[in-house]
There are 2 protein chains.
Amino acid sequence: MLRVSKLTDYATVILTHIAHQPDELHAASDITQATGVALPTVSKVLKFLSKANILTSHRGSKGGYALANKPNETNVAEVITAIEGPIGMTECTTSEGTCEQESSCEIKGNWNLINRAVYTALEAVTLADMVAPVRQQAVNVVMPRTKETNELKVES
Amino acid sequence: MLRVSKLTDYATVILTHIAHQPDELHAASDITQATGVALPTVSKVLKFLSKANILTSHRGSKGGYALANKPNETNVAEVITAIEGPIGMTECTTSEGTCEQESSCEIKGNWNLINRAVYTALEAVTLADMVAPVRQQAVNVVMPRTKETNELKVES
DNA sequence: CTTATATAGGACTATTTTAGTACTATATAA
DNA sequence: TTATATAGTACTAAAATAGTCCTATATAAG
């Protein structure tokens, strides 16, 4: 499937809601009402986002959460990482030494390449994009190749 | 984490091995020896790949598996789909009607956008790339935006 | 025709991950 | 001082994944 967890999905819904009024404090209970996501779940997601400095939190009466940065300064890759941990398509990407074949693995480098491509795609979409209505039908993602050998292009 | 399953990882290892000798038949037992992946697991992966027409199979004595197409004609997106089913970052992408919030969801369209970006990145990497040694340090993935509004760019 | 070999398909179990909940502690405004 | 809201942690239930096994079928070779 290659999908994000439900919590990450909720996170985008919640963040999109908050981004509509970026200057107000939003309590967990308010967000539950607005989004339809159960309170304990909303609470859990908000804690993750706060810990990752995507949201700022204010305790006590009249407290709540607000965006730590402008909507266009938080991207989807950050949100996924906040909820699920580091993005990596294979085990060896996020935790070295757990794969028995690691030493003899020929394709680890290529997975890193794929990781970076996916990460870049996710990084390019911000909360500001999520708030905006969808107007586009396609996204043009280019994996450049050298003309001579048709290999994936080098770039440092 | 956003990762592919272990079986998918095995699939790329196995396919890379086969792609080294694209004209020979490879039995499951041979692949076990070459890759170090347990036989029942190898067998399972090969069946998935065969069913998805990424590999052709030949039964009986001296049988085995071979690539159905040239290495540069099979990409990573196909491999992931063969093992895990359709690629979709959220539930609503692959199976409509299972999300209670679907009717009022504002960001579904944006997830589709992200999906397409990720899919395109995965589609751009083929078995031929996996066989080749890694020479590149980065991949340049571009999500184009309009100059005027800085919105993600329209393209049909 | 028989046998050895290899894939096809399905069922099953154990493990791991994820989702969801609950409880206690702490901070703050009124 | 009290009501309110987040912080942190631990726990339980559900779902997805990994891995194994068994039976059926096809094919090459003797």
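Order of the sequence lines sets the chain letters (A, B, ...), proteins ahead of strands, with each chain counted from 1.
- For A/Arg59 against C/dT28, a side-chain-to-base donor-acceptor contact under 3.5 Å is absent.
- Atom CG in A/Leu25 sits about 12 Å away from atom C1' in C/dA29, given to the nearest Å.
- Between A/Thr93 and A/Thr90, the side chains place a donor N or O and an acceptor N or O closer than 3.5 Å (distance only, hydrogens not considered).
- The shortest distance between the side-chain N/O atoms of B/Ser61 and the OP1/OP2 oxygens of D/dA26 is not below 4.0 Å.
- In this structure, A/Thr35 contributes its side chain and A/Ile31 its backbone to a donor-acceptor pair below 3.5 Å.
- One atom, NZ of B/Lys51, and another, P of C/dG9, lie 6 Å apart when rounded to the nearest Å.
- When each of D/dG19, C/dA19, D/dT6 is scored by its nearest atom to the side-chain atoms of B/Lys6, the top-ranked nucleotide is D/dG19.
- Atom pair B/Leu39:CG and D/dC22:C1' shows a separation of 14 Å (rounding to whole Å applied).
- Taking atom CD1 of A/Ile83 as the reference point, atom C1' of C/dT18 lies 13 Å away to the nearest angstrom.
- None of A/Val118, A/Leu113, A/Thr120 except one satisfies the side chain to side chain contact (heavy atoms under 4.5 Å, CB included) rule with A/Arg116; the exception is A/Thr120.
- Distance CG (B/Leu46) to C1' (C/dG9): 14 Å, rounded to an integer number of Å.
- Residue A/Ser5 places its side chain closer to C/dT18 than to any other of C/dT18, D/dT6, D/dA28.
- A single hydrophobic cluster is not seen to contain both A/Ile14 and A/Leu25; linkage of ILVMFWY side chains at heavy-atom distances under 4.5 Å, directly or through other members, places them apart.
- Shown here, C/dA11 forms a base pair with D/dT20; the pair counts as Watson-Crick or G-U wobble because both key distances fall under 3.5 Å.
- Looking only at atom types and distance, the side chain of A/Thr8 has a donor-acceptor partner in the side chain of A/Ser5 under 3.5 Å away.
- For D/dT20, one of the phosphate oxygens OP1 or OP2 lies less than 4.0 angstrom from a side-chain nitrogen or oxygen of B/Thr41.
- Rounding to the nearest 0.5 angstrom, the gap separating the CG atom in A/Leu15 from the NE2 atom in A/His26 is 10.5 Å.
- Contact check, A/Ser50 against D/dA7: a side-chain N or O comes under 4.0 Å of OP1 or OP2.
- If you take NZ of A/Lys47 and C1' of C/dA25, they are 11 Å apart, rounded to a whole angstrom.
- Defined by atom type and a distance below 3.5 Å, a donor-acceptor pair is present between the side-chain atoms of B/Glu78 and B/Asn75.
- At whole-Å resolution of the value, NZ in A/Lys44 and P in D/dT12 are 14 Å apart.
- Each of D/dT4, C/dT21, C/dT7 was ranked by its minimum atom distance to the side chain of B/Ser57; first place goes to C/dT7.
- Within residues 10-20 of chain A, the residues approached by DNA chain C to less than 4.0 Å at the level of any non-hydrogen atom are A/Tyr10, in residue-number order.
- Regarding B/Asp9, its CG atom lies at a distance of 17 Å from the C1' atom of C/dT16, rounded to whole Å.
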